[in-house]
Amino acid sequence: MKRILILVFILIGSAFIENASAQQTGNKLPRLLIRLDDIGMNHSVNMAMLKAAQTGMPLSASVQFACPWYQEAVEILKQYPNVTVGVHLTLTSEWKNYRWGPVSGRTAVPSLVDANGYFPQSTRAFAKNGHKLSEIEKELSAQIERAQASGLKITYIDPHMGIMLSTPELRALTEKLAHKYKLAISTLSSVTYFGETYKEMWGEPIATKKEAFLAYVGNLNPGKPNMMVLHTATPSPEMDVLVDMNSNMMNSKDGKPLTSIHRQTELNALLSPEFAAMNGKKFQLINYDQLLAGKDISILKAVDNK
């Protein structure tokens with residue numbers, strides 16, 4: 001009996017030492033930010049976010065408060081404090097037959113909408129639309145104020161399709177909005193405010209997406225926070241028929257929409273046992289609240305990592 005007790009104590013002690021060692025090692029691991037984009041776009045995207053949030057992983061979710069399903073996203077996010085919330089600054093509506101327009105109203109910002117009152121369907125169309133900076137500021141202020149009125153804690157803003165960091169004028173306006181509403185800025189370009197490296201799986205072929213994702217997160221920069229942007233969704237009739245009007249990469253050569261399969265593949269990679277096994281060994285998962293802890297976000301200095 002004594003031998004059994006001694007063996008039990010040895011095993012418990014060994015487990016404690018291994019756990020303490022793992023924690024110490026974890027502090028030196030590369031930091032990985034997972035940002036889920038386009039939240040609130042539709043029910044399928046929200047359900048994918050829910051599946052990710054239910055794992056308890058620290059995550060960041062960028063919500064499109066101009067989209068029809070943002071209210072469901074708000075209800076979900078209020079239940080999961082492990083998810084940091086940002087406003088996905090939206091000035092495009094990129095799907096065939098599924099559109100949205102400005103929170104401030106089409107008559108308030110006429111330079112931001114097409115003949116039907118919706119945001120342009122591509123970054124190219126936006127650039128040619130003769131937008132006025134004053135109207136962009138009005139509309140994005142309305143999106144941020146809708147977000148802050150939702151009851152969620154809003155931590156950052158970031159640019160849908162990279163638009164609001166794509167020119168010096170738009171970047172300056174993004175910084176102005178961040179200062180005005182006391183928010184941080186997350187990136188979708190080489191321009192960064194907190195030293196993050198940046199990668200997204202959006203353009204990776206479906207066949208190699210999971211492999212590329214796991215390879216990337218398994219070899220991160222230990223000296224900087226590493227951000228991985230994912231676009232996820234669960235399968236649904238509505239999701240499966242969405243045709244991307246901004247890029248042919250999301251459609252097959254014969255015009256068949258592939259967005260749904262792309263997003264399911266990214267969700268499956270995030271929820272895979274392979275990814276879970278790497279957490280705490282190859283990287284330390286953090287969200288934007290954790291990244292920004294102790295930082296003065298009133299000082300935002302853009303650095304181009306090109």
Side-chain angles (χ1 to χ4, degrees), residues 33-103 118-119 142-161 186 188 200-202 209 213 228-244 246 250 257-272 275 285 287-289:
L33 289 155
I34 297 287
R35 196 182 87 198
L36 303 178
D37 277 10
D38 298 350
I39 307 305
M41 183 187 109
N42 62 19
H43 179 66
S44 299
V45 169
N46 290 346
M47 290 301 97
M49 177 194 66
L50 174 61
K51 287 178 178 289
Q54 287 174 332
T55 67
M57 292 187 290
L59 301 166
S60 301
S62 295
V63 180
Q64 291 186 280
F65 283 89
C67 290
W69 284 84
Y70 86 88
Q71 293 176 81
E72 180 187 60
V74 169
E75 288 183 358
I76 294 170
L77 287 164
K78 285 181 178 179
Q79 303 174 51
Y80 294 95
N82 53 305
V83 184
T84 298
V85 183
V87 180
H88 204 40
L89 302 175
T90 299
L91 295 170
T92 52
S93 177
E94 63 272 20
W95 308 105
K96 182 180 181 181
N97 300 327
Y98 177 50
R99 309 289 302 281
W100 49 78
V103 170
Y118 298 117
F119 287 135
Q143 292 182 22
I144 295 169
E145 288 169 12
R146 171 180 278 185
Q148 292 184 328
S150 72
L152 289 171
K153 177 191 174 187
I154 306 299
T155 299
Y156 65 90
I157 54 178
D158 73 285
H160 180 51
M161 294 187 172
S186 180
L188 197 66
E200 62 178 330
M201 287 289 110
W202 179 84
K209 195 181 287 282
F213 170 72
M228 168 64 74
V229 176
L230 297 178
H231 298 81
T232 59
T234 57
S236 71
E238 292 79 11
M239 190 74 224
D240 293 345
V241 298
L242 283 184
V243 175
D244 192 334
N246 186 72
M250 291 295 108
L258 300 175
T259 296
S260 184
I261 302 174
H262 272 277
R263 294 190 179 218
Q264 291 169 47
T265 305
E266 293 192 22
L267 175 63
N268 291 340
L270 178 63
L271 300 180
S272 68
F275 180 75
L285 270 175
N287 57 34
Y288 262 99
D289 278 330

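Predicted model only: the values in this text are computed from it and were never measured.
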Q | Crowding at OH, Y118 (>12 non-hydrogen neighbours, <6.0 Å) | A | no
**Q.** Shortest non-hydrogen contact between A66 and W100, atoms and distance
**A.** O-CB, 3.7 Å
Q: Answer yes or no: is there a donor N or O on one side and an acceptor on the other, between the side chain of S150 and the main chain of L152, under 3.5 Å?
A: yes
Q.
Looking at every heavy atom in both L36 and A52, which two are closest together, and how far apart are they?
A. CD1-CB, 4.0 Å
Q: Please examine the side chains of L285 and P58, heavy atoms only from C-beta on, and report whether any two atoms are closer than 4.5 Å.
A: yes
(Q) Working to the nearest 0.5 angstrom, can you tell me the gap between I76 CD1 and Q54 CD? (A) 9.0 Å
Q: Find the distance between CG (N42) and OG1 (T234) and round it off to the nearest 0.5 Å.
A: 8.0 Å
(Q) With heavy-atom distances below 4.5 Å as the criterion, would you say the side chains of N268 and T265 are in contact? (A) no
**Q.** Steps toward side chain to side chain donor-acceptor pair (under 3.5 Å) verdict (D158, S62)
**A.** CA-CA 7 Å; D158 73 285; S62 295; 2.8 Å; yes
Q: Would you confirm whether Y98, through its side chain, and V241, through its main-chain N or O, come within 3.5 Å as a donor-acceptor pair?
A: no
Q: State whether the side chain of T90 and the backbone N or O of H88 hold a donor-acceptor pair below 3.5 Å, judged by distance alone.
A: yes
Q | Heavy-atom check, side chain of H160 versus side chain of E94, under 4.5 Å | A | yes
(Q) Within the structure provided, determine whether M239 and T259 are in side-chain contact (heavy-atom separation under 4.5 Å). (A) yes
(Q) Working note: L77 + V63, criterion side-chain contact (heavy atoms from CB on, under 4.5 Å); need CA distance, chi angles, decisive distance, verdict. (A) CA-CA 10 Å; L77 287 164; V63 180; 3.7 Å; yes
Q) Atom CG of L91 and atom CZ of F119: how far apart are they, to the nearest 0.5 Å? A) 5.5 Å
(Q) Which heavy atom of G40 sits nearest to which heavy atom of N46, and what is that distance? (A) N-OD1, 2.9 Å
Q. Can you list the steps and then say if Y70 with R146 is a side-chain contact (heavy atoms from CB on, under 4.5 Å)?
A. CA-CA 10 Å; Y70 86 88; R146 171 180 278 185; 3.4 Å; yes
Q. Looking only at heavy atoms, which two atoms of P159 and L188 are closest? And how far apart?
A. O-CD2, 3.4 Å
Q. With side chains defined as the heavy atoms from C-beta onward, is the minimum distance between D37 and E200 less than 4.5 Å?
A. no
**Q.** Closest non-hydrogen atom pair, M49 against A73
**A.** CE-O, 4.2 Å
Q. Can you find a heavy atom in the side chain of Q264 that is under 4.5 Å from one in the side chain of S260?
A. yes
Q: Check for a donor-acceptor pair, side chain of D240 on one end and backbone N or O of P235 on the other, with a separation under 3.5 Å.
A: no
Q. Is any side-chain heavy atom of N287 less than 4.5 Å from a side-chain heavy atom of T155?
A. no
Q.
Any non-hydrogen side-chain atom of V243 less than 4.5 Å from a side-chain atom of N97?
A. no
Q: List the steps, then state whether side-chain contact (heavy atoms from CB on, under 4.5 Å) holds for V229 with W202.
A: CA-CA 8 Å; V229 176; W202 179 84; over 6 Å; no
Q.
Evaluate T232 against K51 for side-chain contact (heavy atoms from CB on, under 4.5 Å), listing each step before the verdict.
A. CA-CA 10 Å; T232 59; K51 287 178 178 289; over 6 Å; no
Q.
Any side-chain to backbone donor/acceptor pair from S44 onto A233? Under 3.5 Å, distance only.
A. no
Q. Taking E75 for the side chain and Q71 for the main chain, is one N or O donor matched with an acceptor at less than 3.5 Å?
A. no
Q: Starting at CE of M201, measure out to CE of M228 and round the result to the nearest 0.5 Å.
A: 4.0 Å
Q) When rounded to the nearest 0.5 angstrom, what is the spacing between CG in L50 and CD1 in I39? A) 10.5 Å
Q. Roughly how far, to the nearest 0.5 Å, is CD of Q143 from CD of Q64?
A. 8.5 Å
Q) Which heavy atom of M57 sits nearest a heavy atom of N82, and at what distance? A) O-ND2, 2.8 Å
(Q) Could you check whether any side-chain N or O of W95 sits under 3.5 Å from a backbone N or O of N246, counting only pairs where one atom can act as donor and the other as acceptor? (A) no
